[in-house]
K.L.:
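Below are the structure tokens for one structure; questions will follow.
Since the model is a prediction, treat every value here as computed from it, not as a measurement.
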Amino acid sequence: MKRIIFSLAALTFIAAAIALLNGSILPRKPDEVSRCPREALTRSDTKSDRIHPEKVVVRPWKGRHQVYAIFVLPDDYEIDNAVVVNIEGEMTYCASKPAKVKGDEFQGVYAKPGEDIFVARFRTRTASWLIAQGKVEALKQPHNWSLRR
């Protein structure tokens, strides 16, 4: 019985070591998918041309799609671009193009008449990488997320 337990422990250790060396346990550096397309960055870069979210949720440990920003926008606002996430000391990343949420409330954010709620999701892998780099507080800041007009 001791021999079986020892063998299982040894196999577990070897599997964990291989996974660590392979990069499947530790967060990997974000790849090209997380980078912003050129057209997302060529929009006007003045602060008055940016719309920031009402709320940012960062909970990647709860699974995929748990890092996102919630925007409240006018009904007639046309979204044609992804949300830019700018973390100082890192490259500029993009979240998804915001998707409209049904209803006038989402995660404690309310839309007034004439407004809609939109959610822009950020890649979990990229968020995990930034958190491992100590950038979790920067990721949580709404002023680091922007939708450019």
K.L.:
Is Val72 reachable from Val119 through a run of I, L, V, M, F, W or Y residues, each pair having side-chain heavy atoms under 4.5 Å apart?
P.N.:
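Both belong to a single hydrophobic cluster.
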K.L.:
To the nearest 0.5 angstrom, please state how far the NE2 atom of His52 sits from the CH2 atom of Trp145.
P.N.:
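The distance works out to 13.0 Å.
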K.L.:
Could you work out, with side-chain hydrogen bond (donor to acceptor under 3.5 Å, both in side chains) as the rule, every residue matching Gln107, not counting sequence neighbours?
P.N.:
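side-chain hydrogen bond (donor to acceptor under 3.5 Å, both in side chains) list for Gln107, sorted by chain: empty.
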K.L.:
To the nearest 0.5 Å, how far apart are OG in Ser146 and CG in Asn86?
P.N.:
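Here the interatomic distance stands at 7.5 Å.
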K.L.:
For the OH atom of Tyr77 and the CZ atom of Phe71, what is their distance to the nearest 0.5 Å?
P.N.:
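Those atoms lie 9.0 Å apart.
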K.L.:
Check whether Val56 and Ile87 end up in the same hydrophobic cluster, where Ile, Leu, Val, Met, Phe, Trp and Tyr are linked by side-chain heavy atoms less than 4.5 Å apart.
P.N.:
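Shared cluster, yes.
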K.L.:
Do any side-chain atoms of residues 131-144 form donor-acceptor pairs under 3.5 angstrom with protein atoms, and if so which ones, sequence neighbours left out?
P.N.:
residue : atom : partner : partner atom : Å
Lys135  : NZ   : Glu88   : O            : 3.3
Gln141  : NE2  : Glu137  : O            : 3.4
Asn144  : ND2  : Ala138  : O            : 2.7

K.L.:
I would like to know whether Val101 and Phe118 meet side-chain contact (heavy atoms from CB on, under 4.5 Å); could you show each step before the answer?
P.N.:
CA-CA 6 Å; Val101 174; Phe118 290 83; 6.0 Å; no
K.L.:
In terms of relative ring orientation, are Tyr93 and Phe122 parallel, tilted or perpendicular, with 30° and 60° separating the classes?
P.N.:
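Taking Phe122 first and then Tyr93, their aromatic rings stand perpendicular (interplane angle over 60°).
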K.L.:
Measure the shortest side-chain to side-chain distance between Ser96 and Arg121 over non-hydrogen atoms and say whether it is less than 4.5 angstrom.
P.N.:
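They are in side-chain contact.
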K.L.:
Nearest 0.5 angstrom please: Ile70 CD1 to Glu105 CD, how far?
P.N.:
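Output value for this atom pair is 8.5 Å.
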K.L.:
If a pair satisfies salt bridge (Lys or Arg N to Asp or Glu O under 4.0 Å) and one of its residues is in residues 57-72, list it, with sequence neighbours excluded.
P.N.:
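Residue pairs passing salt bridge (Lys or Arg N to Asp or Glu O under 4.0 Å), neighbours aside: none found.
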K.L.:
Could you identify which residues cluster with Trp61, counting Ile, Leu, Val, Met, Phe, Trp and Tyr as linked when any side-chain heavy atoms lie under 4.5 Å apart, either directly or through a chain of such contacts?
P.N.:
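Its cluster mates, by chain and number: none.
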K.L.:
Determine all donor-acceptor pairs shorter than 3.5 Å in which one atom belongs to a side chain in residues 108-117; sequence neighbours excluded.
P.N.:
residue : atom : partner : partner atom : Å
Glu115  : OE1  : Lys112  : N            : 2.9
Asp116  : OD2  : Lys100  : NZ           : 3.4

